[in-house]
Amino acid sequence: MGCGPNKHSPHQSVPFVWERAQGCEFPGRCVGQTGLFQVAVAVVLEKKILPNILKKIGCTPMVRINKIGKSYGLKCELLAKCEYFNAGGSVKDRISLRMVEDAERAGIIKPGDTLIEPTSGNTGIGLALVAALKGYRCIIVLPEKMSMEKVDILKALGVEIVRTPCTRFDAPESNIRVAWKLKSEIPNSHILDQVKAVPPLTPFPKRVYRVSRCLGVHMVVIGSGTGGTITGVARKLKEKCPECKVIGVDPDGSIVALPSELNRTNTTTIEVEGIGHDFIPTVLDRSVVDQWYKSNDRDSFLMSRRLIREEGLLCGGSSGSAMSVAVRAAKDLKEGQRCVVILPDSVRNYMSKFVNDKWMIKNGFLNDVQEHKPWWWNIKVQKLNLSAPLILLPEVSCQKAIEILQEKGYDQAPVVAESGLILGMVTLSNTLSSVLAGNAEFSDPVTKVTYDQFSKIGLEDSLGKLSCILENDHFAIVVHEQMQCRYLQKLSTGLAQVFERGKGNSQAHFGRYCKECRFDLGWEK
Ligand SMILES: Cc1ncc(COP(=O)(O)O)c(C=O)c1O
C-alpha cells in the first residue's frame, strides 16, 4: 500500500490523501470471471498485506476541516493531519520505531534486552508495540495523571508499568528519575530517551517539501510535549519552505513558550495530556518555531469534542489544544492558503475523561447538561446538614489512625496539615493492607498511606456537580475560604455525609474540635 495520491478522491485539490479506501477495490462483477483477473487480484491483495503492523506507522491521512474553520470566520483552508491512524494510535509511534531501529543499527540494543522509558503514555504505547513485535522487555514509567485507558493498553501490550506522582521533573520520585534508577538496577536495560532523541521523521511526506510553496501550506500548528514533532517538522520546513509559519502550542501551566512572559499564569496543573513541561526538553529547538501560543484545558477539551462531533475526527485532548490555537493563529491567512494542524492521538486514550460529560462537569469544563435533573440537582452544597469534623493530622501514626477510624466507625478521613493544607485522604482498608503487606509500619506517619489525588468542591457548587464527582470517586473534599475543609463521604443512599473543620489554622480551633470529638488526634501538644 503506497502513500501516493488517491486518484478517486473527490478532493483533487487536496494534496495529502495518500491511501485508498479500505476494502475491495474491484467490483464484484469482475472478480472470478477470468483466471488472469483472479491472479491479478491475488497479486494486488498480496501486495496489500503488511508484513507486520509496524509497517502501518506513517502515511497518516490529511483531512479537510469543513465546519470549524468557517464558524470562526477563517478564509484559509484548515487541514488536520490525523496521526491517530498510526499503528499504536499516536504521532509518537514514529519516534518509538525510529529510536529502536537506530539503537539496533548502532548495536546498542538487541532483542531480549529491557527498554525503559519515562513517558506521558503515547511513546510508551509506541515503544511497547515495537518491543512486543521485536522481542524486548518493556518497562514504562508513567505519571499518575495519565489516563487509565493508556495504562490498560500498555498492560495489554505486555508492559510492566511503574506509576509515579506528578512532581517536578527533577524530584527523586519523578518519572524521569525513577526510570534512571530502574536502569541502574536492571541488567541490559536501556533508556532510549525520547526527550534527547533526534527529532522524529516528520509527519509530512517528502513530497510536501519538494513541491514549490509547500503545496500551499502557509502555516502548521503543532503542540509541544518533548518538542520532537515540532522540531522535526519545523527544521524541515525552514529548509524547504521557509515561508511556511510554524506555530507552537504550549498549555497554560507549562514554561516552554517564548517569550517567557507568555508563561505567566496561576495555573499549576495541566489536564490535557502529552503537551507542556516544567523544563525545556533537550530535543526541542525553540529557534525554529516562529510563534508560540498558549492553550488552556477548557478550550482544548471543548474543541476536541467539536472535532469529534462536527468533523467526525475521533481525536484526543491535545488535538483540541492545537485546533483551538489554529483558529486564532490562522485568522489572517487568505483564501487559497492552507493551515495544517497536527492531531497527535485519538479519543481512545480518554474515554473516561473529556469525552465523558460527567468528567467535564466535575472538572468545571462543561456546564451541566443533564436533561432530567432530580429535584435536588441545583441545591448548593452548603445547604447540606453539616456535622462535626473528623480529620487527621499528618503526624498521626498509622496505628493511631486505624484506632480512631475504627472507634468512630469511619472508613476514611482527610489528612490536613496545621496550616490548613489538605494533604489527601486516608482509608482504613488501605492503611491496614499497607501495614500487612509491609509497605508501611504501624509507627509510620499516616501520610505514608495517604491518597493525594482527590476531588475538591466548593460550598457554592451544586449537589448535581457533587453527584457527578461521587459517580466515579468515593469522596470529595469541600473547600471554602471560611471553612477550609469539609469532607463528604459517599453513603449508600447516594447522598453525602459532611464533616467540617473550623476556620483558620490556629491551635485553638484544632483543640476545640479535638475536645468536641474527644479524639486524641495529636495536635494538642
Ligand atoms: C497526546 C500528545 N499530544 C502531543 C504530544 C507532543 O508530541 P512531542 O512529544 O513530539 O512534542 C504528545 C507526546 O507524547 C502526546 O502524547
Side-chain angles (χ1 to χ4, degrees), residues 57 60 80-86 88-99 117-128 140-143 145-147 149-151 153-154 169 175-176 192-204 220-236 246-251 254 256-257 270-277 279-286 288-289 292 295 297 300-301 303-304 307 313-326 341-350 353-355:
I57 295 178
T60 54
K81 183 82 169 113
C82 299
E83 284 298 295
Y84 54 86
F85 281 99
N86 282 306
S90 88
V91 67
K92 304 306 291 193
D93 290 355
R94 296 173 185 266
I95 186 68
S96 304
L97 180 61
R98 176 158 168 191
M99 286 195 303
E117 191 72 17
T119 155
S120 65
N122 280 330
T123 309
I125 294 171
L127 260 189
I140 298 297
V141 192
L142 194 73
K145 159 185 146 180
M146 304 310 159
S147 70
E149 288 84 338
K150 284 182 184 163
V151 173
I153 296 164
L154 287 168
F169 76 98
N175 69 331
I176 295 174
L192 300 178
D193 203 354
Q194 56 164 333
V195 177
K196 295 214 177 77
V198 283
L201 299 172
T202 82
F204 294 96
V220 293
V221 182
I222 307 174
S224 176
T226 64
T229 307
I230 194 166
T231 304
V233 172
R235 280 202 182 135
K236 202 77 178 172
V246 177
I247 303 291
V249 181
D250 185 44
S254 165
V256 167
I270 309 168
E271 276 296 341
V272 172
E273 296 180 27
I275 54 172
H277 267 304
F279 64 97
I280 309 300
T282 321
V283 74
L284 170 62
D285 176 359
R286 292 186 290 175
V288 288
V289 178
W292 288 92
S295 62
D297 286 339
S300 300
F301 291 135
M303 183 57 88
S304 296
L307 282 163
L313 298 174
L314 295 168
C315 60
S318 66
S319 304
S321 308
M323 191 59 76
S324 67
V325 163
V341 185
I342 292 191
L343 309 188
D345 73 349
S346 91
V347 72
R348 172 198 71 183
N349 290 340
Y350 313 102
K353 291 198 160 185
F354 76 85
V355 239

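Read the numbers this way: they start at 1 and go in the same order the structure lists the ligands and their atoms.
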> Is there at least one pair of N or O atoms, one from V91 and one from ligand 1, spaced under 3.5 Å apart?
Replying inline: no
> Which atoms of ligand 1 are found less than 4.0 Å from any heavy atom of G228?
Replying inline: 10 (O), 11 (O)
>> Under a 4.0 angstrom heavy-atom cut-off, which atoms of ligand 1 come close to E273?
In response: 1 (C), 2 (C)
>> Please give me the minimum heavy-atom distance between G317 and F354, naming the atom from each residue.
In response: N-CE2, 3.3 Å
>> So does L142 get a backbone contact from the side chain of N175, meaning a donor-acceptor N/O pair under 3.5 Å?
In response: no
>> Under 3.5 Å, is there a donor on one side chain and an acceptor on the other for T60 and E83?
In response: yes
> In this structure, which one of P251, S295, S319 forms a side chain to side chain contact (heavy atoms under 4.5 Å, CB included) with S300?
Replying inline: S295
> What atoms of ligand 1 come within less than 4.0 Å of a heavy atom belonging to P344?
Replying inline: 2 (C), 3 (N), 4 (C)
>> Under 4.0 Å, counting heavy atoms only: does D345 come that close to any atom of ligand 1?
In response: yes
>> Quick one: does any side-chain atom of T231 pair with a main-chain N or O of D285 as donor and acceptor, under 3.5 Å?
In response: yes
> Do K92 and T226 meet the criterion of a side-chain donor-acceptor pair at a distance under 3.5 Å?
Replying inline: yes
> Does an N or O from I275, backbone or side chain, lie closer than 3.5 Å to an N or O of ligand 1?
Replying inline: no
> Just going by heavy-atom distances, which of G274, S346, G126, A322 is nearest to atom 5 (C) of ligand 1?
Replying inline: G274
> Using a distance-only test with no angle check, is there a side-chain donor-acceptor pair under 3.5 angstrom linking N122 and N349?
Replying inline: yes
>> If you measure every N or O of T226 against every N or O of ligand 1, does any of those distances drop under 3.5 Å?
In response: yes
> Looking at S318, which atoms of ligand 1 are within less than 4.0 Å of one of its heavy atoms?
Replying inline: 1 (C), 2 (C), 3 (N), 4 (C)
> With atoms numbered from 1 as shown, which atoms in ligand 1 lie under 4.0 angstrom from a non-hydrogen atom of T229?
Replying inline: 7 (O), 8 (P), 10 (O)
> Between K150 and E273, is the closest basic N to carboxylate O distance under 4.0 Å?
Replying inline: yes
> Under the 3.5 angstrom rule, does the side chain of S324 hit a backbone N or O of G320 as a donor-acceptor pair?
Replying inline: yes
> Can a non-hydrogen atom of S90 be found less than 4.0 Å from any atom of ligand 1?
Replying inline: no
> Would Y84 count as a contact of ligand 1 if the rule is a heavy atom under 4.0 Å away?
Replying inline: no
> Against heavy atoms of G227, which atoms of ligand 1 measure under 4.0 Å?
Replying inline: 8 (P), 9 (O), 11 (O)
>> Check whether D250 reaches the backbone of A257 with its side chain - one donor and one acceptor, N or O, closer than 3.5 Å.
In response: yes
> Any N/O of N122 closer than 3.5 Å to an N/O of ligand 1?
Replying inline: yes
>> Taking 4.0 angstrom as the limit and counting only heavy atoms of Y350, give me the atoms of ligand 1 inside it, by number and element.
In response: 1 (C)
>> Quick check on contacts: which atoms of ligand 1 are under 4.0 angstrom from a heavy atom of S224?
In response: 11 (O)
>> Under the side chain to side chain contact (heavy atoms under 4.5 Å, CB included) test against F279, which residue among I176, V256, L284 passes?
In response: I176
> Are any of the N or O atoms of K92 closer than 3.5 Å to those of ligand 1?
Replying inline: yes
